[in-house]
Amino acid sequence: MAKPRVIYWFRTDLRLRDSPALQAALDLNPEAFWPVWTWDPHYVYRARVGVNRWQFLIDCQNDVSKSITKINKRSKLFLMREAPQTLFPKLFKAWKITHLVFEKDTDAYARDRDTEVMKIAREAGVEVIVRSGRTLWDSDQLVEKNHGKPTMSISQVQAAGPKIGNIPRPIPAPKSIPDPGETNLDFEQEQPETAPDLNSGTRKHGDKSYEKISGPNGDFSVPTLEELGFPASTSLHRGGEKIALEMLDKIIADEKYTATFEKPNTAPTDFEPQATTLLSPHLHFGSLSIREFYWRVQDVVDNYSGKASQPPVSLTGQLLFRDMYFGAQASLGYSFGQTLYNSHCRFIPWHLPSKVDHETKLVTGEYHIDSPLAEQWFQRWKYGRTGFPWIDALMRQLRTEGWIHHLGRHAVACFLTRGGCYISWERGAEVFEEWLLDHETACNAGNWQWLSCTAFYAQFYRCYSPVAFPQKWDKEGLFVRRYCPELKGLDKKYIYEPWKAPIQDQKKAGVRIQGDGEEEQEGVYPKPMFDFAERRTICLDGMKKAYGVGLYGDDPKVIDGTWRKLFDDAAEGPTEGNTFEDAMAHDADEGEKVRDGLEGGDDNDGAIQEDETGAKEKGGEIKGGDAKKGKKRKGGQGTLDAHVKKSKK
DNA sequence: CTATGGGTTGCCTAC
DNA sequence: TGTAGGCAACCCATA
């Protein structure tokens, strides 16, 4: 019998140490062994990936490639610029492959992709070996032990996990890797569908990564940002297994930190160094094994002489949350990443709701601009120009460095959704998806649902203040001064509410608090975009109302638009509730028309119609007639006074 | 069935 | 400077 000819398919497991799937591949004792990465157009064009995360991925790929070459100088990571679904059938044949091995991935798209690849392999007579390794416990098993239901609380994970068994100890990196076989390719490269390209806004020129299947030099090398058309990374956080293990070593060496870590007591305002581990991007790309992290920490905890912290606040507790979100996603699939058709996500009539294709039941990637004012708030939030320094500093840190502290994420997420703007959590999740180095679909969607009180968490009356919360950690405002340098000279008395600084103080500090942040101006910081206390009250009322109505994303009333009957106009959000009698008539239509009907857009197309550039900055346009028109049309949407009065009755 | 306590990470005021 | 209780009130697991 011929010896195995094996492709090991790297995906979110960019490491050599503690990779159960890689070990399984090597255990086949292959005659020829190709470590492969497929440059999937779905990731390149259809996922939101900012330049910093591209760099991190490339770092990880280069590092794993180097590590392979170190063990066998004839081998490396063979990066092929084509979708796996079309590449593999050709590759199986050309290289006479007998086995395909990879780590299990429960992301919704990954499942579809892998199902297709497994079918292709079966047809080609190639044996597929899949090993779980991305989470503490296999997510499907976790769901099974949770009575077949998505894991929606940490106590469920703590009950279900141990029923599967103990968390395995990490296995060492392989000491040898067999030679690859031939690497000639005598087939054509399938050209990808490049549109829509969700990353076109970041590219400075067109993507060149599909010009040749083996790369510009024909050596299967890892792409460069230049090849992808992106500018240079702006983050100092770097990827790769080597770096990840060094970081872990450093953390573990500090026994007290490791054993007594309590997440809620770490300061979100700390920078250089940050208060948490910064290992999350490595867990995402797999440059660090989750079991490696778990056991290195657990061993310190077990040997600690003092009082160690416990899950869920401890370091290992953080990993449980990750498994919880993975379990929820494994069970709910695509719907976990959106509100509509999500059986476990509460329906709240947020502003800027996602557009949904009712045939596929999936969000389209676009959204309805039901309120120009909300859109303006959203843009100001995204680019760190809200006029609230704590929020702006965090958003600027996120954009330039790709990472913010977990509690900082709480602050900006609460502010955008239930505690300020009343904008859909899905808008915020998209921004995080683009900018976070550690973006993990399951964790991102889960945490946004948590913070917006649509799932996992329900105490919506606990609301983060953009002034009081950072005061708890950083009275001097050092964090704000670092990321909003125009406020550097301001007295600490005003650092979180600069609009209160008298004009003399502003002059002394060399900053003027004026304008709406639409355009950046040297020495100018915008006024706050709303009165936070007022907005907090309005949002709280809206949440109370929506909780009372009690709809979830898969409710027929949510899908067909009749949810409006259950809301009145006192509820914040584009409800136009029971005063909008004709809305139902429009909703009888199918598909996109349903959502269009929901707009109640009859005579105001100019004000509410979004266009291709809708998500981009609109300059002064919003502020002009449109904003006024929107306000008027919504009758209370932007009229804070009316809402405040109503909320006080 | 109801009652009760807990839930990784709120804010404010009083002592 | 730290802590307790009120605030208004959510869901869920358990008894």
Side-chain angles (χ1 to χ4, degrees), chain A residues 146-147 149-161 259-270 274-277 280 297 301 308-325 328 343-348 388 390-391 394 404-420 443 446-476 479 496-497 531-552 647-649:
Chain A
N146 190 43
H147 318 291
K149 296 195 171 76
T151 42
M152 300 304 288
S153 73
I154 205 66
S155 57
Q156 288 171 355
V157 174
Q158 285 173 310
T260 63
F261 181 95
E262 290 189 345
K263 185 63 149 289
N265 293 334
T266 57
T269 49
D270 280 4
Q274 285 89 347
T276 50
T277 68
S280 49
V297 171
V301 168
S309 54
Q310 293 294 315
V313 294
S314 64
L315 267 184
T316 56
Q318 307 312 303
L319 306 182
L320 297 179
F321 282 102
R322 186 170 175 273
D323 265 48
M324 176 181 80
Y325 292 133
S343 57
H344 286 65
C345 179
R346 280 181 184 279
F347 173 78
I348 314 279
F388 294 95
W390 167 237
I391 301 297
L394 286 163
I404 48 180
H405 185 279
H406 189 66
L407 291 180
R409 300 180 196 198
H410 279 216
V412 297
C414 179
F415 184 89
L416 183 73
T417 59
R418 66 183 167 86
C443 300
N447 275 315
W448 272 96
Q449 287 171 57
W450 181 300
L451 262 300
S452 62
C453 289
T454 48
F456 300 101
Y457 189 75
Q459 290 160 273
F460 55 74
Y461 45 88
R462 291 191 179 169
C463 180
Y464 292 90
S465 157
V467 176
F469 187 70
Q471 285 282 5
K472 183 177 160 191
W473 307 100
D474 181 10
K475 290 226 174 0
E476 302 293 322
F479 179 81
Y496 294 115
E497 33 192 356
D531 180 311
F532 177 74
E534 282 178 6
R535 288 300 308 172
R536 185 187 169 279
T537 310
I538 292 163
C539 289
L540 210 58
D541 276 2
M543 293 300 288
K544 251 186 275 185
K545 172 70 182 171
Y547 263 68
V549 170
L551 296 174
Y552 283 80
S647 70
K648 280 182 181 161
K649 75 178 171 204

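Each chain gets a letter, A, B and so on, in the order the sequences are listed, and its residues count up from 1.
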Would A:F479 and A:W390 count as a side-chain contact (heavy atoms from CB on, under 4.5 Å) here? Give the steps.
CA-CA 8 Å; A:F479 179 81; A:W390 167 237; 3.7 Å; yes

Taking atom [atom2] of [N] as reference, at what distance in whole Å does atom [atom1] of [X] sit?
X      : N      : atom1 : atom2 : value
A:N265 : C:dT3  : CG    : P     : 11 Å
A:L451 : B:dT9  : CG    : P     : 11 Å
A:K263 : B:dT9  : NZ    : P     : 12 Å
A:M152 : B:dG7  : CE    : P     : 19 Å
A:R322 : B:dT8  : CZ    : P     : 19 Å
A:N447 : B:dT9  : CG    : P     : 13 Å
A:K544 : C:dC11 : NZ    : P     : 13 Å
A:W450 : C:dC11 : CH2   : P     : 15 Å

Please tabulate, for the side chains in residues 406-415 of chain A, all donor-acceptor contacts under 3.5 angstrom to protein atoms that are two or more places apart in sequence or on a different chain.
| unit_1 | atom_1 | unit_2 | atom_2 | d |
| --- | --- | --- | --- | --- |
| A:H406 | NE2 | A:H410 | NE2 | 3.1 |
| A:R409 | NE | A:I404 | O | 2.7 |
| A:R409 | NH1 | A:D438 | OD1 | 3.2 |
| A:R409 | NH1 | A:D438 | OD2 | 3.3 |
| A:R409 | NH2 | A:I404 | O | 3.0 |
| A:R409 | NH2 | A:D438 | OD2 | 2.8 |
| A:H410 | ND1 | A:Y464 | OH | 2.8 |

With [atom1] as the reference atom in both, quote the distance from [N] to [M] in angstrom, rounded to an integer.
N     : M     : atom1 : value
C:dG5 : B:dG5 : P     : 14 Å
B:dC1 : C:dA9 : P     : 25 Å
C:dG6 : B:dT8 : C1'   : 23 Å
C:dC7 : B:dG7 : P     : 23 Å

Got a sec, which residues hit side-chain hydrogen bond (donor to acceptor under 3.5 Å, both in side chains) with [X], two or more places apart in sequence or on another chain?
X      : result
A:K263 : A:Q318
A:Y552 : A:R346
A:Q158 : none

Are [X] and [Y] side-chain neighbours, meaning at least one heavy-atom pair lies under 4.5 Å?
X      : Y      : value
A:F456 : A:S153 : no
A:Y547 : A:K545 : no
A:S314 : A:F261 : no

Hey, mind stepping through A:D474 and A:E476 against side-chain contact (heavy atoms from CB on, under 4.5 Å) and telling me if it holds?
CA-CA 5 Å; A:D474 181 10; A:E476 302 293 322; 4.1 Å; yes

Would you mind building the protein contact string for nucleotides 10-15 of chain B? One character per nucleotide, 5' to 3', B for base within reach (heavy atoms under 4.0 Å), S for sugar-phosphate only, - for untouched.
BSS---

Within residues 410-420 of chain A, the residues having a heavy atom closer than 4.0 Å to DNA chain B are A:H410

ring centroid sep under 5.5 Å plus plane angle under 30, A:F321 with B:dT8:
yes

Which stems does DNA chain C form, counting runs of 3 or more consecutive Watson-Crick or G-U wobble pairs with both distances under 3.5 Å?
B:2-7 with C:10-15, B:10-15 with C:2-7

Would you tabulate the side-chain donor-acceptor contacts of residues 447-454 of chain A under 3.5 Å, counting partners in other chains and residues two or more places apart, or write 'none'?
| unit_1 | atom_1 | unit_2 | atom_2 | d |
| --- | --- | --- | --- | --- |
| A:N447 | OD1 | A:Y325 | OH | 2.8 |
| A:N447 | ND2 | A:C443 | O | 3.1 |
| A:W448 | NE1 | A:N444 | OD1 | 3.4 |
| A:Q449 | NE2 | A:F336 | O | 2.8 |
| A:Q449 | NE2 | A:A445 | O | 3.3 |
| A:S452 | OG | A:W448 | O | 2.7 |
| A:S452 | OG | A:Q449 | O | 3.3 |
| A:S452 | OG | A:T454 | OG1 | 3.0 |
| A:T454 | OG1 | A:Q449 | O | 3.3 |

For [X], answer base if it contacts any base atom (sugar-phosphate contacts may also be present), sugar-phosphate if it contacts only those atoms, and nothing otherwise; contact means non-hydrogen atoms under 4.0 Å.
X      : value
A:L540 : nothing
A:W473 : nothing
A:E262 : nothing

Do [X] side-chain atoms and [Y] backbone N/O form a donor-acceptor pair below 3.5 Å?
X      : Y      : result
A:T151 : A:A328 : yes
A:R536 : A:G419 : no
A:K544 : A:L540 : no

N/O-N/O pairs, protein side and nucleotides 3-6 of chain B side, under 3.5 Å:
none

Suppose we screen for side-chain contact (heavy atoms from CB on, under 4.5 Å). Which residues come up paired with A:A275, at least two apart in sequence or across chains?
A:T266, A:D270, A:H405

With rounding to the nearest 0.5 angstrom, report the OG to CG distance, A:S280 to A:L319.
11.0 Å

Who passes salt bridge (charged side-chain N to carboxylate O under 4.0 Å, His left out) against A:R322, sequence neighbours left out?
A:E440

Using the 3.5 Å cut-off, write out each protein N or O paired with an N or O of nucleotides 12-15 of chain C and the distance between them.
| unit_1 | atom_1 | unit_2 | atom_2 | d |
| --- | --- | --- | --- | --- |
| C:dA13 | OP1 | A:Q156 | NE2 | 3.2 |

What's the verdict on side-chain contact (heavy atoms from CB on, under 4.5 Å) for A:E534 and A:T537, showing C-alpha distance, side-chain angles and the deciding distance?
CA-CA 5 Å; A:E534 282 178 6; A:T537 310; 5.8 Å; no

Please confirm whether the shortest side-chain N or O distance from A:R409 to OP1 or OP2 of B:dT9 is below 4.0 Å.
no

